[in-house]
Amino acid sequence: MATVRELTARACDEPKCHGVEICTDIPEASAGVLAEPTRLEMACLNLVRNACQAAQSRVIVSVIPFEGYWELRVDDDGPGVDDSLREQIFEPFFSTRAAGEGTGLGLAVVGSVIKEHGGRIEVGTSADGGCRMSTFWPVYDKRMESTEAHHES
């Protein structure tokens with residue numbers, strides 16, 4: 001599975017992200033989550049691409065431990081998401097973009113993938129006044145798995 005650093009580097013090469021500085025704040029330690037790798041990567045890339053499209057000049061991707069979850073936070077310095085639209089943006093075929101610029105499926109799929117893996121997604125405002133997408137993925141600790149297996153025997 002690709003790391004968040006590798007996904008961010010891949011996003012930098014995408015046309016939607018040209019002209020946007022993508023910064024990272026990612027711990028050196030492993031941020032393990034138990035997830036289907038392809039779906040996890042797709043969800044994370046989608047969030048970064050969306051941020052690039054909305055950003056004026058900068059996107060910040062952070063990974064932060066938070067109460068039994070890893071928070072993958074994607075902040076941009078764009079116009080943000082109006083409070084009245086924050087629930088609607090996760091509905092299939094809803095888009096804030098002009099006709100022909102998106103299918104309106106990206107965030108619906110991201111939300112579905114996160115829920116399938118026991119996580120959640122929140123929309124907020126970044127420090128730069130743009131959008132903050134926070135996804136919360138349950139922490140996976142391989143040591144716990146071997147302990148649980150031992151207790152079940």
Side-chain angles (χ1 to χ4, degrees), residues 1-140:
M1 184 177 109
T3 66
V4 174
R5 279 188 184 80
E6 292 166 341
L7 290 172
T8 304
R10 192 178 333 157
C12 290
D13 295 332
E14 299 216 2
K16 292 178 181 179
C17 293
H18 288 171
V20 175
E21 176 188 17
I22 301 178
C23 305
T24 59
D25 183 10
I26 302 169
E28 291 300 320
S30 176
V33 297
L34 184 59
E36 198 285 310
T38 303
R39 293 177 59 77
L40 172 65
E41 290 174 23
M42 181 267 321
C44 295
L45 266 175
N46 188 294
L47 292 175
V48 175
R49 283 185 197 122
N50 281 357
C52 285
Q53 286 181 293
Q56 292 178 23
S57 62
R58 188 167 78 151
V59 169
I60 302 170
V61 179
S62 309
V63 176
I64 305 154
F66 181 81
E67 299 179 3
Y69 291 88
W70 284 109
E71 177 185 358
L72 173 73
R73 181 185 293 173
V74 181
D75 290 335
D76 67 57
D77 63 353
V81 176
D82 190 82
D83 288 346
S84 66
L85 300 177
R86 290 187 179 182
E87 294 299 318
Q88 272 185 295
I89 61 174
F90 298 104
E91 294 175 11
F93 306 109
F94 180 83
S95 180
T96 58
R97 296 198 178 99
E101 287 188 29
T103 63
L105 290 174
L107 288 177
V109 171
V110 169
S112 175
V113 168
I114 292 168
K115 286 177 187 168
E116 288 170 14
H117 290 87
R120 69 181 192 278
I121 187 167
E122 298 175 359
V123 184
T125 303
S126 72
D128 292 328
C131 180
R132 168 174 289 166
M133 287 285 180
S134 292
T135 59
F136 297 88
W137 302 86
V139 169
Y140 172 67

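Here the structure is a predicted model, which is why all the values come from computation and not from measurement. Numbering starts at 1 and runs along the sequence shown.
- Residue V48 comes nearest to A11 through the heavy atom pair CG1-CB, 3.6 Å, listed as atom of the first residue, atom of the second, then distance.
- The side-chain heavy atoms of H117 and V113, taken from C-beta on, include a pair separated by under 4.5 Å.
- Residues satisfying the side-chain hydrogen bond (donor to acceptor under 3.5 Å, both in side chains) criterion with D13, sequence neighbours excluded, are absent altogether.
- With sequence neighbours excluded, the residues satisfying side-chain contact (heavy atoms from CB on, under 4.5 Å) with V139 are W70.
- I121 and G111 get closest at one heavy-atom pair: CG2-CA, 4.5 Å.
- You'll find the side chain of L107 reaches within 4.5 Å of the side chain of L47, heavy atoms only.
- For D82, the salt bridge (charged side-chain N to carboxylate O under 4.0 Å, His left out) test picks out no residue, with sequence neighbours left out.
- Within the structure, disulfide (SG to SG under 2.5 Å) pairs that include any residue of residues 18-81 comprise C17-C52 (at least two apart or interchain).
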D75 vs D128, side chain to side chain contact (heavy atoms under 4.5 Å, CB included): CA-CA, chis, key distance, verdict: CA-CA 8 Å; D75 290 335; D128 292 328; over 6 Å; no
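- For the pair G118 and P138, the tightest heavy-atom approach, listed with the atom from each and the gap, is O-CG, 3.4 Å.
- Note that the CZ atom of F136 and the CG atom of L72 stand 10.0 Å from one another [nearest 0.5 Å].
- Under the 4.5 Å side-chain criterion, counting only non-hydrogen atoms from C-beta, Q53 is not in contact with V59.
- The CG atom of N50 sits 8.5 Å away from the SG atom of C131 when rounded to the nearest 0.5 Å.
- Residues satisfying the ring pair (Phe, Tyr, Trp, His ring centres under 6.0 Å) test with Y69, not counting sequence neighbours, are none.
- Scanning both residues, C12 and I22, for their nearest heavy atoms gives SG-CD1, 3.7 Å.
- Under the rule for a side-chain hydrogen bond (donor to acceptor under 3.5 Å, both in side chains), the partners of E116 that lie at least two apart in sequence or sit in another chain are R39, S112.
- Distance check: E41 CD to T3 OG1 gives 9.0 Å after rounding to the nearest 0.5 Å.
- Between the side chain of T125 and the main chain of G129, no donor-acceptor pair closer than 3.5 Å is present.
- Between V123 and R86, the closest heavy-atom pair is O-NH1, 3.6 Å.
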message: Could you go through D25 and V61, starting from their C-alpha distance and side-chain angles, then the distance that decides it, and tell me whether this counts as side chain to side chain contact (heavy atoms under 4.5 Å, CB included)?
response: CA-CA 6 Å; D25 183 10; V61 179; over 6 Å; no
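- Nearest heavy-atom pair across I114 and R120 is CG2-N, 3.0 Å.
- Legend: salt bridge (charged side-chain N to carboxylate O under 4.0 Å, His left out) pairs involving residues 62-72, not counting sequence neighbours, sorted by first then second residue: E71-R73.
- Not counting sequence neighbours, the partners of S57 by the side-chain hydrogen bond (donor to acceptor under 3.5 Å, both in side chains) test are D77.
- The pair E122-R132 does not meet the salt-bridge criterion, since no charged nitrogen lies less than 4.0 angstrom from a carboxylate oxygen.
- Every residue meeting the side-chain contact (heavy atoms from CB on, under 4.5 Å) condition with I26, not counting sequence neighbours, appears here in chain and number order: V4, R5, T24, V63.
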task: Kindly indicate, with the supporting measurements, whether the criterion side chain to side chain contact (heavy atoms under 4.5 Å, CB included) is fulfilled by V109 and M42.
output: CA-CA 9 Å; V109 171; M42 181 267 321; 3.4 Å; yes
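- Shown here are the side-chain hydrogen bond (donor to acceptor under 3.5 Å, both in side chains) partners of D76, two or more places apart in sequence or in another chain: there are none.
- With rounding to the nearest 0.5 angstrom, the CD1 atom of I64 is 7.0 Å from the OG atom of S134.
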